[in-house]
Amino acid sequence: MAFLMQETTKISKTFREVFEAQEGKVSDKWDSYLSVYDDAFATYKDRDIALLEIGIQNGGSLEVHARYFANHSIIVGCDIHPLCGNLVYPDHDKIKVVVGDANAEATRNRIEALSAEFDVIIDDGSHKSNDIINSFLHYFPKLRKGGIFVVEDLHASYWQGYDGGLFHPSSSMAFLKDLVDVVNLENWGIPMSPQEFLVAKHPSYAALIKNCDFSGIEAVHFYNSVCLIKKNETGLAAALGRRRVVGSVAEVWPNAKPFDGALPEKPDQSKNKWSAPR
(Lines give C-alpha, C1' and ligand atoms only; values in the text may rest on other atoms or scores of the structure.)
Protein backbone atom coordinates (compact mmCIF):
# COMPACT_ATOMS: atom_id res chain seq x y z
CA MET A 1 0.00 0.00 0.00
CA ALA A 2 2.83 2.41 0.82
CA PHE A 3 4.37 1.73 -2.60
CA LEU A 4 1.08 2.51 -4.37
CA MET A 5 0.73 5.77 -2.42
CA GLN A 6 4.25 6.81 -3.43
CA GLU A 7 3.48 6.08 -7.08
CA THR A 8 0.23 8.06 -6.93
CA THR A 9 2.05 11.00 -5.35
CA LYS A 10 4.69 10.87 -8.04
CA ILE A 11 2.17 10.90 -10.90
CA SER A 12 0.09 13.68 -9.36
CA LYS A 13 2.93 16.22 -9.29
CA THR A 14 2.36 19.42 -11.21
CA PHE A 15 4.41 20.37 -14.26
CA ARG A 16 6.12 23.04 -12.18
CA GLU A 17 7.10 20.51 -9.51
CA VAL A 18 8.48 18.09 -12.08
CA PHE A 19 10.40 20.88 -13.82
CA GLU A 20 11.89 22.25 -10.60
CA ALA A 21 13.01 18.76 -9.56
CA GLN A 22 15.02 18.33 -12.78
CA GLU A 23 18.62 17.29 -12.02
CA GLY A 24 19.80 15.86 -15.32
CA LYS A 25 20.16 17.68 -18.60
CA VAL A 26 19.52 21.43 -18.51
CA SER A 27 16.05 22.73 -19.40
CA ASP A 28 15.28 26.45 -19.82
CA LYS A 29 11.73 27.83 -19.43
CA TRP A 30 10.28 31.18 -18.36
CA ASP A 31 8.59 30.98 -14.96
CA SER A 32 5.14 32.00 -16.22
CA TYR A 33 5.11 29.09 -18.68
CA LEU A 34 5.21 26.60 -15.82
CA SER A 35 1.88 27.82 -14.46
CA VAL A 36 0.34 27.82 -17.93
CA TYR A 37 1.48 24.25 -18.53
CA ASP A 38 0.16 23.09 -15.17
CA ASP A 39 -3.32 23.81 -16.53
CA ALA A 40 -2.82 23.08 -20.22
CA PHE A 41 -1.10 19.70 -19.84
CA ALA A 42 -3.15 18.28 -16.97
CA THR A 43 -5.62 16.66 -19.38
CA TYR A 44 -2.84 14.65 -21.02
CA LYS A 45 -0.73 13.85 -17.98
CA ASP A 46 -1.78 10.24 -17.42
CA ARG A 47 -2.48 9.37 -21.06
CA ASP A 48 -0.47 7.24 -23.44
CA ILE A 49 0.62 10.24 -25.49
CA ALA A 50 3.06 11.06 -28.27
CA LEU A 51 4.87 14.39 -27.86
CA LEU A 52 7.00 16.40 -30.27
CA GLU A 53 9.21 19.29 -29.19
CA ILE A 54 10.90 21.47 -31.80
CA GLY A 55 14.03 23.04 -30.33
CA ILE A 56 15.48 21.14 -27.37
CA GLN A 57 18.81 22.89 -26.66
CA ASN A 58 20.53 20.75 -23.98
CA GLY A 59 17.77 18.16 -24.00
CA GLY A 60 16.56 18.56 -20.43
CA SER A 61 12.99 19.34 -21.47
CA LEU A 62 12.63 15.84 -22.92
CA GLU A 63 13.48 14.40 -19.50
CA VAL A 64 10.97 16.73 -17.86
CA HIS A 65 8.25 15.70 -20.29
CA ALA A 66 9.07 12.03 -19.86
CA ARG A 67 8.65 12.28 -16.09
CA TYR A 68 5.53 14.46 -16.23
CA PHE A 69 3.79 12.42 -18.95
CA ALA A 70 4.69 9.19 -17.20
CA ASN A 71 2.62 6.98 -19.52
CA HIS A 72 3.93 8.43 -22.78
CA SER A 73 4.32 6.17 -25.79
CA ILE A 74 7.03 8.30 -27.41
CA ILE A 75 8.70 11.68 -26.95
CA VAL A 76 10.48 13.15 -29.97
CA GLY A 77 12.82 16.11 -29.81
CA CYS A 78 14.04 17.90 -32.92
CA ASP A 79 16.89 20.39 -33.07
CA ILE A 80 19.08 21.77 -35.83
CA HIS A 81 22.25 21.80 -33.70
CA PRO A 82 24.43 18.80 -34.65
CA LEU A 83 25.59 18.24 -31.05
CA CYS A 84 22.04 17.26 -30.14
CA GLY A 85 22.82 14.02 -31.92
CA ASN A 86 25.05 13.15 -28.95
CA LEU A 87 22.23 13.37 -26.42
CA VAL A 88 21.66 9.99 -24.77
CA TYR A 89 18.64 8.94 -22.71
CA PRO A 90 18.31 5.75 -20.65
CA ASP A 91 14.82 5.22 -22.06
CA HIS A 92 16.13 5.38 -25.60
CA ASP A 93 13.22 3.37 -27.03
CA LYS A 94 10.71 6.03 -26.01
CA ILE A 95 12.78 9.24 -26.18
CA LYS A 96 14.10 10.01 -29.63
CA VAL A 97 16.16 12.92 -30.96
CA VAL A 98 16.06 13.98 -34.61
CA VAL A 99 18.77 16.39 -35.77
CA GLY A 100 17.81 18.73 -38.58
CA ASP A 101 15.63 21.63 -39.64
CA ALA A 102 12.11 20.70 -38.50
CA ASN A 103 10.64 22.32 -41.63
CA ALA A 104 12.89 20.47 -44.08
CA GLU A 105 11.18 17.58 -45.86
CA ALA A 106 13.86 15.04 -44.94
CA THR A 107 13.60 15.94 -41.25
CA ARG A 108 9.79 15.86 -41.33
CA ASN A 109 9.93 12.40 -42.85
CA ARG A 110 12.21 11.16 -40.07
CA ILE A 111 9.91 12.60 -37.42
CA GLU A 112 6.82 11.09 -39.04
CA ALA A 113 8.56 7.71 -39.20
CA LEU A 114 8.73 7.78 -35.40
CA SER A 115 5.10 8.85 -34.97
CA ALA A 116 2.56 9.78 -37.62
CA GLU A 117 0.59 11.90 -35.13
CA PHE A 118 1.18 13.68 -31.84
CA ASP A 119 -1.01 14.66 -28.90
CA VAL A 120 1.23 17.51 -27.77
CA ILE A 121 3.45 19.60 -30.06
CA ILE A 122 5.71 22.30 -28.62
CA ASP A 123 7.55 24.80 -30.82
CA ASP A 124 10.54 26.15 -28.91
CA GLY A 125 12.73 26.44 -32.00
CA SER A 126 14.39 29.44 -33.61
CA HIS A 127 11.58 31.85 -32.53
CA LYS A 128 11.77 33.48 -35.97
CA SER A 129 8.33 34.30 -37.34
CA ASN A 130 8.97 32.52 -40.62
CA ASP A 131 9.99 29.31 -38.85
CA ILE A 132 7.09 29.46 -36.39
CA ILE A 133 4.47 29.90 -39.11
CA ASN A 134 6.04 27.20 -41.29
CA SER A 135 6.21 24.79 -38.35
CA PHE A 136 2.57 25.36 -37.48
CA LEU A 137 1.44 24.80 -41.06
CA HIS A 138 3.56 21.65 -41.37
CA TYR A 139 2.78 20.09 -38.01
CA PHE A 140 -0.74 21.17 -37.03
CA PRO A 141 -2.08 18.53 -39.46
CA LYS A 142 -0.01 15.98 -37.48
CA LEU A 143 -1.77 16.94 -34.23
CA ARG A 144 -4.29 14.34 -33.12
CA LYS A 145 -7.91 15.30 -32.49
CA GLY A 146 -8.11 16.66 -28.95
CA GLY A 147 -4.42 17.57 -29.03
CA ILE A 148 -2.67 20.82 -28.18
CA PHE A 149 -0.09 22.85 -30.13
CA VAL A 150 2.17 25.17 -28.10
CA VAL A 151 4.23 28.07 -29.44
CA GLU A 152 6.79 29.46 -26.99
CA ASP A 153 8.77 32.70 -26.73
CA LEU A 154 6.48 34.89 -28.81
CA HIS A 155 8.09 38.01 -27.35
CA ALA A 156 10.56 37.56 -30.21
CA SER A 157 7.73 38.24 -32.68
CA TYR A 158 8.04 41.93 -31.78
CA TRP A 159 11.74 42.08 -32.70
CA GLN A 160 13.23 42.88 -36.10
CA GLY A 161 15.94 40.25 -35.79
CA TYR A 162 13.25 37.56 -35.60
CA ASP A 163 11.19 38.70 -38.61
CA GLY A 164 8.82 40.61 -36.35
CA GLY A 165 7.60 43.96 -35.09
CA LEU A 166 4.48 45.27 -33.38
CA PHE A 167 2.89 46.28 -36.71
CA HIS A 168 4.50 43.59 -38.87
CA PRO A 169 1.63 42.08 -40.90
CA SER A 170 3.15 38.60 -40.99
CA SER A 171 4.86 38.29 -37.64
CA SER A 172 4.21 35.00 -35.89
CA MET A 173 1.94 36.82 -33.43
CA ALA A 174 -0.08 38.37 -36.28
CA PHE A 175 -0.55 34.97 -37.88
CA LEU A 176 -1.61 33.31 -34.62
CA LYS A 177 -4.07 36.14 -33.90
CA ASP A 178 -5.71 35.42 -37.26
CA LEU A 179 -6.43 31.87 -36.09
CA VAL A 180 -8.88 33.40 -33.60
CA ASP A 181 -10.95 34.54 -36.59
CA VAL A 182 -10.85 30.98 -37.94
CA VAL A 183 -12.46 29.77 -34.71
CA ASN A 184 -15.31 32.23 -35.46
CA LEU A 185 -15.72 31.12 -39.08
CA GLU A 186 -19.49 30.61 -38.88
CA ASN A 187 -20.00 34.28 -37.96
CA TRP A 188 -18.15 35.86 -40.89
CA GLY A 189 -21.25 36.26 -43.05
CA ILE A 190 -19.30 35.78 -46.28
CA PRO A 191 -18.53 32.66 -48.34
CA MET A 192 -14.84 32.46 -47.54
CA SER A 193 -12.84 29.45 -46.34
CA PRO A 194 -10.13 29.64 -43.65
CA GLN A 195 -7.57 28.96 -46.38
CA GLU A 196 -8.82 31.88 -48.51
CA PHE A 197 -8.83 34.18 -45.48
CA LEU A 198 -5.32 33.26 -44.37
CA VAL A 199 -3.88 33.42 -47.88
CA ALA A 200 -5.30 36.93 -48.20
CA LYS A 201 -3.59 37.93 -44.95
CA HIS A 202 -0.35 35.97 -45.45
CA PRO A 203 0.17 35.39 -49.20
CA SER A 204 3.80 34.31 -48.86
CA TYR A 205 2.59 31.12 -47.14
CA ALA A 206 -0.13 30.38 -49.71
CA ALA A 207 1.07 26.93 -50.74
CA LEU A 208 1.27 25.60 -47.19
CA ILE A 209 -1.96 27.30 -46.09
CA LYS A 210 -3.90 25.71 -48.95
CA ASN A 211 -2.76 22.26 -47.82
CA CYS A 212 -3.55 22.77 -44.12
CA ASP A 213 -6.90 21.83 -42.56
CA PHE A 214 -7.87 24.51 -40.03
CA SER A 215 -11.40 23.27 -39.34
CA GLY A 216 -10.43 21.44 -36.15
CA ILE A 217 -9.24 24.52 -34.26
CA GLU A 218 -11.36 24.69 -31.12
CA ALA A 219 -9.61 27.47 -29.20
CA VAL A 220 -6.60 29.78 -29.30
CA HIS A 221 -5.25 30.87 -25.92
CA PHE A 222 -2.71 33.68 -25.55
CA TYR A 223 -0.53 34.30 -22.54
CA ASN A 224 2.56 36.46 -22.20
CA SER A 225 4.88 35.11 -24.93
CA VAL A 226 3.12 31.77 -25.33
CA CYS A 227 0.16 30.58 -27.40
CA LEU A 228 -1.85 27.36 -27.11
CA ILE A 229 -3.92 26.10 -30.04
CA LYS A 230 -6.39 23.34 -29.18
CA LYS A 231 -7.71 20.89 -31.77
CA ASN A 232 -11.18 19.63 -30.93
CA GLU A 233 -12.15 15.98 -30.54
CA THR A 234 -14.26 15.90 -33.70
CA GLY A 235 -11.91 17.58 -36.13
CA LEU A 236 -14.82 19.76 -37.27
CA ALA A 237 -15.21 23.53 -37.16
CA ALA A 238 -16.16 24.94 -33.76
CA ALA A 239 -19.90 25.62 -33.55
CA LEU A 240 -21.73 28.25 -31.51
CA GLY A 241 -24.59 25.81 -31.06
CA ARG A 242 -28.22 26.53 -30.39
CA ARG A 243 -29.41 29.37 -28.20
CA ARG A 244 -30.28 28.34 -24.66
CA VAL A 245 -32.75 30.38 -22.60
CA VAL A 246 -33.48 29.27 -19.03
CA GLY A 247 -35.52 30.70 -16.18
CA SER A 248 -39.17 31.81 -16.12
CA VAL A 249 -39.15 35.49 -15.09
CA ALA A 250 -38.49 38.01 -17.92
CA GLU A 251 -39.26 41.46 -16.49
CA VAL A 252 -37.16 43.49 -18.92
CA TRP A 253 -37.32 41.60 -22.22
CA PRO A 254 -40.41 39.34 -22.14
CA ASN A 255 -39.81 37.83 -25.59
CA ALA A 256 -36.61 36.03 -24.67
CA LYS A 257 -38.11 32.60 -23.99
CA PRO A 258 -39.29 31.83 -27.55
CA PHE A 259 -35.68 32.00 -28.73
CA ASP A 260 -34.76 28.88 -26.75
CA GLY A 261 -33.30 26.34 -29.19
CA ALA A 262 -32.86 28.81 -32.04
CA LEU A 263 -29.83 28.63 -34.30
CA PRO A 264 -27.51 31.68 -34.41
CA GLU A 265 -28.25 34.47 -36.86
CA LYS A 266 -25.94 34.60 -39.86
CA PRO A 267 -26.60 37.92 -41.59
CA ASP A 268 -25.08 38.41 -45.04
CA GLN A 269 -21.95 40.56 -44.73
CA SER A 270 -20.99 40.51 -48.40
CA LYS A 271 -21.69 44.25 -48.70
CA ASN A 272 -19.79 45.13 -45.55
CA LYS A 273 -16.64 46.92 -46.71
CA TRP A 274 -14.80 45.54 -43.68
CA SER A 275 -15.55 41.94 -44.66
CA ALA A 276 -13.19 42.00 -47.61
CA PRO A 277 -9.36 41.94 -47.70
CA ARG A 278 -7.84 45.41 -47.80
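For clarity, every value in this text was computed on a predicted model and none was experimentally measured.
For the pair E117 and R144, the salt-bridge criterion is met [side-chain N within less than 4.0 Å of a carboxylate O]. A salt bridge links E20 with R16: the closest approach of a Lys/Arg side-chain nitrogen to an acidic carboxylate oxygen falls below 4.0 angstrom. E218 and K231 are not joined by a salt bridge, as no carboxylate oxygen comes within less than 4.0 angstrom of a charged side-chain nitrogen.
The closest side-chain donor-acceptor pair between Y205 and N130 falls under 3.5 angstrom. Under the 3.5 Å distance criterion, with hydrogens and angles disregarded, a donor-acceptor pair is assigned to the side chains of S61 and E53. Side-chain atoms of N103 and S135 include a donor-acceptor pair closer than 3.5 Å. Side chain to side chain, D153 and Y33 meet the donor-acceptor criterion of an N or O pair below 3.5 Å.
Of the inter-residue distances, the one linking I54 atom CD1 with H138 atom NE2 reads 10.0 Å to the nearest 0.5 angstrom. Put simply, CD1 on I229 and CD1 on I121 are 10.0 Å apart, with the number rounded to the nearest 0.5 Å. Residue S171 holds its OG atom at 10.0 Å from CG of D163, rounded to the nearest 0.5 Å. Put simply, CG on L176 and SG on C227 are 4.5 Å apart, with the number rounded to the nearest 0.5 Å.
Between F69 and F41, the distance from one ring center to the other falls under 6.0 angstrom. Checked against a 6.0 Å centroid threshold, the rings of W30 and Y223 do not count as neighbours.
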Open item on the list: Using the rule given for salt bridge (Lys or Arg N to Asp or Glu O under 4.0 Å), can you reason through D260 versus R242, listing the C-alpha separation, both sets of side-chain angles and the distance that settles it, and then say yes or no?
Closed with: CA-CA 8 Å; D260 188 33; R242 292 181 179 273; over 6 Å; no

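Under the 4.5 Å side-chain heavy-atom criterion for grouping Ile, Leu, Val, Met, Phe, Trp and Tyr, Y68 is connected to I75 within one hydrophobic cluster.
Here the side chains of T43 and I148 are not in contact, with every heavy-atom distance at 4.5 Å or above.
Remark: side-chain polar atoms of K201 are not paired, donor with acceptor, to backbone N or O of F175 under 3.5 angstrom.
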Under 3.5 Å, which donor-acceptor pairs link side chains of residues 154-161 to any protein atom two or more places apart or in another chain?
| unit_1 | atom_1 | unit_2 | atom_2 | d |
| --- | --- | --- | --- | --- |
| H155 | ND1 | S225 | OG | 3.0 |
| S157 | OG | L154 | O | 2.7 |

